[in-house]
Amino acid sequence: MEKAISIADFDYPLPDERIARFPLAERAASKLLVYRGGTIGESRFSHLMEYLPAGALVVFNNTKVIRARLLFHKATGARIEIFCLEPCDPADYERAFAVTGRCTWHCIVGNAKKWKEGSLVIDYEGGSLTAERAVAEGEDVVCFRWSSGHTFGQLLELLGRTPIPPYLCRESEEIDTVRYQTVYSRWEGSVAAPTAGLHFTPEIIGALPQHGFDTAEVTLHVGAGTFLPVKTADAREHHMHTEFFQVTLDTLDKLAAAARERRVVAVGTTSVRTLESLAVLGERVLFSGDAAPDRTVGQWEAYRNGATAENASEPLAALARWMRAQGLTTLHSATEIMITPGYRWRTVRGLITNFHQPKSTLLLLISALVGERWRDIYAYALDHDFRFLSYGDSSLLLP
């Protein structure tokens, strides 16, 4: 990345009243902006299938949002909020949620100045949850202990709150427990929802094959970094957060076939990050003979690759062959990929997504896909009463 990316060029006026504070009564009732063939129009999300490319493979991120916010109160009455971000010990999500008795997490601590020492306790029927704070390499690490037979995942369900985005400027409510979760969520690990998927209903998903579309699922656990605005004048200096993902061998085979025909449509930017990262892993195998290609995808690695395939089909097939040689049925990896204008798209040819914050990495990704037309798309949405951000309306972008 040689050319500076001025984040000021990715700003737009977002009136406070255009931010959707709550979801609509029905998921599929949201408006749908359609950008196709260079033209902009609108419909309803329930009519999505009328606009998808023929034979498209629609890819969902099946991560599940955890109740990651725990509220403690000190004897003085001070409220301390612990936001669980990523497991530390055990380090993988599946074991971290299944463990009993003790675990540690990387966390964000709210009102941290009031908690300089000592333990915090939440009492519940059958036991108590104790939190002890440490700081490691500038980050808060919290050790949780409990004596009941609950797993940590069960304790989060029992005691935790849904981590709705901070820009909603409200406390989470009971409606968020259901609606800040996709209907196809499967694997626990996210602290933010893949919000493009919030519009889908079981009926719409079930109807996709009937209309000639195929579906696939990947898993990327969305981190709190997705909320972080770009604070540097040059977006290249923004440090991208790490997010963990996994994909099955069967899905990888399906993606390789669909990529050959250039018909992969991603549901949400988190699916995009996974799909494009998989292609980078495949390029390691195809062009470098990498014997261990499943290590983290670097922030700018996709821009530095010298040899590249015409599309992602060959790299994805190469990655699938590597998995078979290793006897793997599921690939686990992580990504820090940052998709900005000038990015060479490998896998994704279309995107279903919401409307994102000004000066955000997500808006940079949109610009990378549709170019300068992002301004026209967002101006249309503002002029035609579209609702913005996580609980807002949707768009289908087919450049």
Side-chain angles (χ1 to χ4, degrees), residues 24 26-62 182-185 194-218 220 247 250-276 278-279 311-313 316 339 345-356 362 365-366 368-371 373-374 376-378 380-381 384 386-387 392-399:
L24 295 175
E26 298 178 17
R27 290 180 184 266
S30 66
K31 298 173 73 171
L32 176 71
L33 182 147
V34 180
Y35 174 72
R36 185 175 60 170
T39 63
I40 302 171
E42 67 179 270
S43 182
R44 290 285 170 184
F45 192 84
S46 55
H47 296 160
L48 172 69
M49 282 173 282
E50 299 174 16
Y51 304 99
L52 287 172
L57 173 65
V58 183
V59 183
F60 300 89
N61 178 11
N62 62 15
T182 64
V183 298
Y184 50 83
S185 63
T195 54
L198 298 180
H199 307 279
F200 281 88
T201 64
E203 292 75 19
I204 291 177
I205 295 172
L208 286 170
Q210 301 171 19
H211 289 78
F213 305 112
D214 202 357
T215 61
E217 293 184 359
V218 296
L220 180 139
V247 63
D250 289 343
T251 293
L252 200 56
D253 287 335
K254 188 179 286 190
L255 289 170
R260 186 178 303 111
E261 304 299 325
R262 291 182 164 83
R263 53 184 176 85
V264 176
V265 175
V267 178
T269 57
T270 61
S271 296
V272 168
R273 283 169 57 77
T274 308
L275 295 171
E276 294 299 306
L278 286 170
N311 63 39
S313 180
L316 292 174
I339 297 177
W345 291 89
R346 290 152 167 83
T347 308
V348 175
R349 302 301 171 181
L351 172 62
I352 298 166
T353 189
N354 288 14
F355 297 94
H356 304 291
L362 303 182
L365 185 153
I366 298 303
L369 184 66
V370 301
R373 291 303 305 276
W374 79 263
D376 301 321
I377 291 168
Y378 274 61
Y380 182 100
H384 290 78
F386 277 70
R387 302 161 75 246
D393 293 317
S394 184
S395 66
L396 172 62
L397 307 178
L398 301 170

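- Between L33 and I40, the closest side-chain pair of non-hydrogen atoms falls below 4.5 Å.
- To the nearest 0.5 angstrom, L365 atom CG is 4.5 Å from I339 atom CD1.
- Remark: D376 pairs with R373 by the salt bridge (charged side-chain N to carboxylate O under 4.0 Å, His left out) rule, at least two apart or across chains.
- Atom CG of N61 and atom OG1 of T270 lie 4.0 Å apart (nearest 0.5 Å).
- Between F45 and L24 there is no side-chain heavy-atom pair separated by less than 4.5 Å.
- Residues meeting the salt bridge (charged side-chain N to carboxylate O under 4.0 Å, His left out) test with R262, sequence neighbours left out: E310.
- Counting heavy atoms from C-beta outward, W345 and V272 have side chains that approach closer than 4.5 Å.
- Aromatic pair F200/F60: ring centres closer than 6.0 Å.
- By the side-chain hydrogen bond (donor to acceptor under 3.5 Å, both in side chains) test, S271 is found to be paired with no residue, residues two or more places apart in sequence or in another chain being considered.
- A side chain to side chain contact (heavy atoms under 4.5 Å, CB included) with L351 is found for one member of V264, V265, I366 and no other, namely I366.
- Annotation: the span from L52 atom CG to R36 atom CZ amounts to 9.5 Å, rounded to 0.5 Å.
- R349 has its side chain within reach of N311: a pair of non-hydrogen atoms, C-beta onward, lies under 4.5 Å apart.
- Under the ring pair (Phe, Tyr, Trp, His ring centres under 6.0 Å) criterion, F386 pairs with F355, not counting sequence neighbours.
- Between the CG atom in L208 and the CD atom in E203 there is a gap of 12.0 Å [rounded to 0.5 Å].
- If you check the side chains of N354 and H199, you find a donor sitting under 3.5 Å from an acceptor.
- Ring geometry, Y378 versus W374: the interplanar angle exceeds 60°, so the pair is classed perpendicular (tilted spans 30 to 60°).
- Taking all atoms of both residues into account, the shortest heavy-atom contact from A29 to R44 is O-NH1, 2.8 Å.
- A 4.5 Å side-chain heavy-atom check between L198 and T182 finds at least one atom pair inside the cut-off.
- For Y35 against P399, the heavy-atom pair with the smallest separation is CE2-CA, 4.1 Å.
- Applying the salt bridge (charged side-chain N to carboxylate O under 4.0 Å, His left out) rule to E42 yields the partners K31; only residues at least two apart in sequence or on another chain are considered.
- Here R273 contributes atom CZ and L278 contributes atom CG; the two are 12.5 Å apart, rounded to the nearest 0.5 Å.
- In this structure a side-chain-to-backbone donor-acceptor pair under 3.5 Å is present from H384 to Y380.
- When the shell of 6.0 Å around CD of E26 is examined, it contains 12 or fewer heavy atoms from other residues, nucleotides or ligands.
- Residues L397 and I377 are in side-chain contact: their nearest non-hydrogen atoms beyond the backbone lie under 4.5 Å apart.
- The side-chain hydrogen bond (donor to acceptor under 3.5 Å, both in side chains) search around E261 returns none, not counting sequence neighbours.
- T274 OG1 to L220 CG: the interatomic distance, rounded to the nearest 0.5 Å, is 4.0 Å.
- Nearest heavy atoms, G55 versus R263: O-NH1, 2.8 Å.
- Between A28 and T201, the shortest heavy-atom contact is CB-CG2, 4.1 Å.
- For the residue pair A279 and A312, the shortest heavy atom distance occurs at CB-CB, 4.0 Å.
- Looking only at side-chain heavy atoms (C-beta outward), V267 and V58 come within less than 4.5 Å of each other.
- Residues V348 and E276 are in side-chain contact: their nearest non-hydrogen atoms beyond the backbone lie under 4.5 Å apart.
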